[in-house]
Q: 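Here it is, the structure, as structure tokens.
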2 protein chains.
Amino acid sequence: MSASAAAALSAAMARIPPVPADPAGRELLARFYRALGDPTRLALLAFCAESERTGNECVVHAGLSQGRVSAHLGCLVSCGLLEVRRAGRFAYYQVTDPRVAELVGLGASMVADHAAGVAACARVASAP
Amino acid sequence: MSASAAAALSAAMARIPPVPADPAGRELLARFYRALGDPTRLALLAFCAESERTGNECVVHAGLSQGRVSAHLGCLVSCGLLEVRRAGRFAYYQVTDPRVAELVGLGASMVADHAAGVAACARVASAP
DNA sequence: GTAAGGCATCTGGATATCCGAATGATAGCC
DNA sequence: GGCTATCATTCGGATATCCAGATGCCTTAC
């Protein structure tokens, strides 16, 4: 193969981040997906994707305690799924990264094809 | 955010399906992401993406008890992330859905941009 | 200066998930 | 038939995550 082709190949291999080979990297990636693995956080994500929302609006929308919603929002911001803009007493949350919508769309698409399996998957302990 | 990013975001969000409006659908989607939220399952996913693997190969690769690995593989199959082909005593696992690679690539890409935040996000209880 | 509102953090209890080990079920080999 | 290998399921314990409520800090209004 030509030198340029080899360079293109290695560039392509480096561009796509696969599942990390080191345990720490995998733990990090798993943490990221767990951030998406809560229905309340998904609802907040969708809510803040429509338009910018204050913390209190999120509390009302989620119907949970203020402290819990604040922690959920902090988790989403920390993981890069949400951006926060602070102005005075208020904190405005919004989804800005288009990859979030892609992730959610892909997940929803796969769930649509395997709804029964996902519902049945108990990961270990199912019916009490 | 830039105009092009905003356009990409709204285009992706408008593409069906978004985050489900009903709580049951959100719980299902959250369950799906939790299936991706375990480092062992991510490692198995990457292992079975390279080529078809038997259950025992997965046990050796994961370095966990056979029963636990079997449960992890069952979870991945149930959620549509992995496909299983049974032949005699053996079960052959493989990643066939290209959306899995897209999901993992997107997640890894976002983690690469927010590694410190993801590591710091404890979702409730952090350092012991 | 004082009071009130918005947000983040801490505490303790309930639930979910992960783990190894043991057990059960089925297929291939002697 | 009997035996072993492969895979699935169950059991009890340890850890992580979620929740409501209370507390503290900062900003705005009076």
Side-chain angles (χ1 to χ4, degrees), chain A residues 23 26-28 30-44 48 52-79 82 84-93 118-128, chain B residues 23 26-28 30-44 48 52-79 82 84-93 118-128:
Chain A
R26 280 198 302 268
E27 168 58 38
L28 224 56
R31 268 174 109 73
F32 174 79
Y33 285 121
R34 283 203 295 275
L36 285 168
D38 181 273
T40 297
R41 284 193 289 271
L42 289 176
L44 289 172
C48 295
E52 207 178 43
R53 312 284 192 180
T54 72
N56 207 5
E57 286 173 336
C58 291
V59 170
V60 172
H61 183 259
L64 295 180
S65 69
Q66 180 270 325
R68 189 96 303 266
V69 172
S70 176
H72 279 315
L73 292 170
C75 165
L76 292 170
V77 169
S78 178
C79 291
L82 213 53
V84 61
R85 171 177 72 87
R86 301 190 185 278
R89 305 183 274 179
F90 297 91
Y92 298 93
Y93 296 93
V118 175
C121 171
R123 244 147 12 272
V124 59
S126 61
Chain B
R26 280 197 302 266
E27 167 60 37
L28 224 56
R31 266 174 111 73
F32 174 79
Y33 285 121
R34 283 203 295 274
L36 285 168
D38 182 273
T40 298
R41 284 194 289 270
L42 288 176
L44 290 171
C48 296
E52 207 177 45
R53 312 285 192 179
T54 72
N56 206 8
E57 287 174 334
C58 291
V59 169
V60 172
H61 183 260
L64 294 180
S65 69
Q66 179 270 326
R68 190 97 307 264
V69 172
S70 175
H72 279 315
L73 291 170
C75 165
L76 291 170
V77 169
S78 180
C79 291
L82 212 55
V84 61
R85 172 176 71 87
R86 302 190 184 278
R89 302 182 276 173
F90 297 92
Y92 298 93
Y93 296 93
V118 175
C121 170
R123 247 154 359 281
V124 57
S126 62

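Numbered from 1 within each chain, the chains take letters A, B, ... in sequence-line order.
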Q: Under 4.0 Å between a side-chain N or O of B:Arg41 and OP1 or OP2 of C:dC18?
A: yes
Q: Give me the one residue out of B:Val77, B:Thr40, B:Leu82 that meets side-chain contact (heavy atoms from CB on, under 4.5 Å) with B:His72.
A: B:Thr40
Q: Please identify each residue that fulfils side chain to side chain contact (heavy atoms under 4.5 Å, CB included) with B:Val59, with sequence neighbours left out.
A: B:Asn56, B:Gln66, B:Val69
Q: Check this one for me: any side-chain N or O of B:Ser65 less than 4.0 Å away from OP1 or OP2 of C:dA22?
A: no
Q: Check salt bridge (Lys or Arg N to Asp or Glu O under 4.0 Å) between A:Arg89 and all other residues, then give those that pass, not counting sequence neighbours.
A: none
Q: Figure out the CG/C1' separation between B:Asp38 and C:dA16, and round it to whole Å.
A: 13 Å
Q: How many Å lie between CZ on B:Arg26 and C1' on D:dC18, as a whole number?
A: 16 Å
Q: Quickly work out the B:Leu64 CG to C:dT17 P distance and round it to whole Å.
A: 18 Å
Q: What pairs with A:Glu27 under salt bridge (Lys or Arg N to Asp or Glu O under 4.0 Å), at least two apart in sequence or on another chain?
A: A:Arg31, A:Arg34
Q: Are any protein N/O atoms closer than 3.5 Å to N/O atoms in nucleotides 1-9 of chain D? If there are, list each pair with its distance.
A:
unit_1	atom_1	unit_2	atom_2	d
D:dA5	O4'	B:Arg89	NH1	3.2
D:dC7	OP1	B:Gly55	N	3.0
D:dC7	OP1	B:Ala91	N	3.3
D:dC7	OP2	B:Asn56	N	2.6
D:dA8	OP1	B:Arg86	NH1	3.1
D:dA8	OP1	B:Arg86	NH2	2.9
D:dA8	OP1	B:Tyr93	OH	3.0
D:dA8	OP2	B:Ser70	OG	2.8
D:dA8	OP2	B:Tyr93	OH	3.2
D:dA8	N7	B:Gln66	NE2	3.0
D:dA8	N6	B:Gln66	OE1	2.9

Q: Is B:His72 near enough to C:dC19 that one of its side-chain N or O atoms lies under 4.0 angstrom from OP1 or OP2?
A: yes
Q: My understanding is that only residues two or more places apart in sequence, or in another chain, count here; which of them pass salt bridge (Lys or Arg N to Asp or Glu O under 4.0 Å) with A:Arg26?
A: none
Q: Would you sort out whether A:Leu76 and A:Tyr93 count as a side chain to side chain contact (heavy atoms under 4.5 Å, CB included), showing the intermediate values?
A: CA-CA 10 Å; A:Leu76 292 170; A:Tyr93 296 93; over 6 Å; no
Q: A:Glu27 CD to D:dA16 C1': how many Å, rounded?
A: 11 Å
